[in-house]
2 protein chains.
Amino acid sequence: MPRYREIYESLRQKIVLGQWPPGHRLPSEHELARSFGCARMTIGKALGALADQRLVTRRRRAGTVVNAPRPQESVLEIHDIEAELLAAGVSYAYQSLERRVRRANAADAAALGVPPGTPVLALTGLHRAGGQPHALEERLINLQAVPEARAERFADISPGRWLLQRIPWTEAEHQIAALNADAAIARRLAIRRNTACLTIERNTWRDEQRITHVRVIYPCDQHRLVARFRYGAA
Amino acid sequence: MPRYREIYESLRQKIVLGQWPPGHRLPSEHELARSFGCARMTIGKALGALADQRLVTRRRRAGTVVNAPRPQESVLEIHDIEAELLAAGVSYAYQSLERRVRRANAADAAALGVPPGTPVLALTGLHRAGGQPHALEERLINLQAVPEARAERFADISPGRWLLQRIPWTEAEHQIAALNADAAIARRLAIRRNTACLTIERNTWRDEQRITHVRVIYPCDQHRLVARFRYGAA
DNA sequence: AATCATAATATGCCTAGACATATTCAGAAA
DNA sequence: TTTCTGAATATGTCTAGGCATATTATGATT
């Protein structure tokens, strides 16, 4: 284990075990360098890592101070449906239900964040796992940003995959919510009306330009999201 | 802007805009140091930041290689209910519905991950916003890990807050799912039976020891989780 | 007592070099 | 041809110094 990591762990222990409570000011880099017997830059690297983890706040002249624990913040992984199912040994298929090129109506414009009238590709499709419906996907693609999508049929290739491999994106936003399945959703997912579903909406940007909007709907017993967080870990 | 950050941004652009596609090998640190006119350590810092963001992979002798874009991975912030509502200018209150000290039954043991028979504190409470029910909380606290909770009434202080301020935790896991409200949930949240609800389950550890398990249930129109992600950003 | 300029201090960033180590590549041996 | 061995190479880490800059503490002035 490199020296800076040893120092990082040593300091982290003091914080996590409460020996240095929130608000406590750490010794200066010079002092730590002396006590650990290393160069100041090595201490700087260790303290920088603590700051990256939000365990401490560093300000010039003010020094390095232990933070209060964050309320909740976690790394969420939203997996690729296809890859996930294949990894679990379940067969996967994407089935296109609807494909339409149109000028954005008011709803499209709001969802995708483009002016009404912009050409969009609207896709509805079903992700199947082991033959059974697994998730329903409703997607809008901004044809101004991705003109080559106009020529693609998306008959059995998931548009998510297709986009991911072609279009670099720079920003994404997810919204996670619950909804009661209406008649149309229930029919397509082969579930009873009013069944609770988990929805994930995702908006994707490439440098200010909106690429796609997608809403994926999972029946409540088919999917849960898992997020794991280690306080102050790498 | 510091030099290493300029270099980071410059390299990031090349990757994000597709100029350097996945698999492309970056020039060596020595070459970059020469072309940017700086010390190798400064380049190392920039490349290290790119690696932290998972934009590149670095291996000795093999060099620094551009990664394929991640499928989806995002930073999820699960906010403190109380702080969130207060920030929105809505009055907040916690109301205890049930408080019981018992030896863990099979369900408790499974949820909290402790052996059956372990003393636990089981709490049910309601978060109210503007007088109206906002979320239902079901919580188990491991009294072996947090003995001081036995003396606390939790009549109007949210146990989440109480714990957060007292007990340092080192690891947490969230599970997000949807469910149909059953009769008991519907009554307490003053919603109709079968209304879709978003649930967040959270398990918290302190160095291997389980501290608490909590399930928070939000009616579908009361809450959505938002996660935002900038590809390769700080 | 209050305000303001100044000095002290801790971090932020940088350089130029060094040795360590993992990995690859090329050439030698089987 | 295959396998093995050693050299080359790129990163990983570290040192010992330096200047820059934000912030605080101090002391002087009003």
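Below, read A as the first sequence line, B as the second, and so on, with proteins coming before strands; counting in each chain starts at 1.
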Practice item. Could you check which of dC25(C), dG12(C), dG12(D) has an atom nearest any side-chain atom of Glu29(A)? Key: dG12(C)

Exercise for review: Please indicate whether Glu148(A) has more than 12 foreign heavy atoms, meaning atoms of other residues, nucleotides or ligands, lying under 6.0 Å from its CD.
Suggested key: yes

**Study point:** Nucleotide nearest Ser28(A) (side chain, heavy atoms from C-beta), chosen from dT11(C), dA10(D), dT23(C)
**Key:** dT11(C)

Study note, to complete from the structure: In Glu138(A), Gln175(A), Glu137(A), the residue satisfying side chain to side chain donor-acceptor pair (under 3.5 Å) with Arg215(A) is Glu138(A)

Check your understanding: Could you walk me through whether Gln95(B) and Arg128(B) pass the side chain to side chain contact (heavy atoms under 4.5 Å, CB included) check?
Key -> CA-CA 8 Å; Gln95(B) 177 193 354; Arg128(B) 288 178 175 277; 2.8 Å; yes

Study note, to complete from the structure: Tyr4(A) atom OH is separated from dT15(D) atom C1', nearest whole Å, by 16 Å

Point to revise | Rounded distance [0.5 Å steps], CG in Leu198(A) versus CG in Leu198(B) | key: 6.5 Å

Practice item. List the steps, then state whether side chain to side chain contact (heavy atoms under 4.5 Å, CB included) holds for Cys38(B) with Ile43(B). Key: CA-CA 8 Å; Cys38(B) 67; Ile43(B) 298 292; 3.7 Å; yes

Check your understanding: What's the CD-C1' distance between Glu6(A) and dC14(D), to the nearest Å?
Key -> 13 Å

Practice item. Send over the distance from Arg60(B) CZ to dC19(C) P, rounded to a whole Å. Key: 16 Å

Revision key, fill the gap. Residues in residues 30-43 of chain A with a heavy atom under 4.0 Å of DNA chain D, by number, are Cys38(A), Ala39(A), Arg40(A), Met41(A), Thr42(A)

Study note, to complete from the structure: Students should find that the end-to-end axis angle of the helix from dA1(C)-dT30(D) to dA30(C)-dT1(D), with five pairs defining each axis and rounding to 10 degrees, is 10°

Exercise for review: Starting at CG of Asn203(A), measure out to OG1 of Thr212(A) and round the result to the nearest 0.5 Å.
Suggested key: 8.5 Å

Practice item. Ignoring backbone atoms, test whether Arg58(B) places a side-chain nitrogen or oxygen under 4.0 Å from the OP1 or OP2 oxygen of dG12(D). Key: yes

**Study point:** Spacing of Leu26(A) atom CG relative to dA10(C) atom C1', expressed in whole Å
**Key:** 12 Å

**Study point:** Donor + acceptor pair across side chains of Arg58(B), Thr64(B) (<3.5 Å)
**Key:** yes

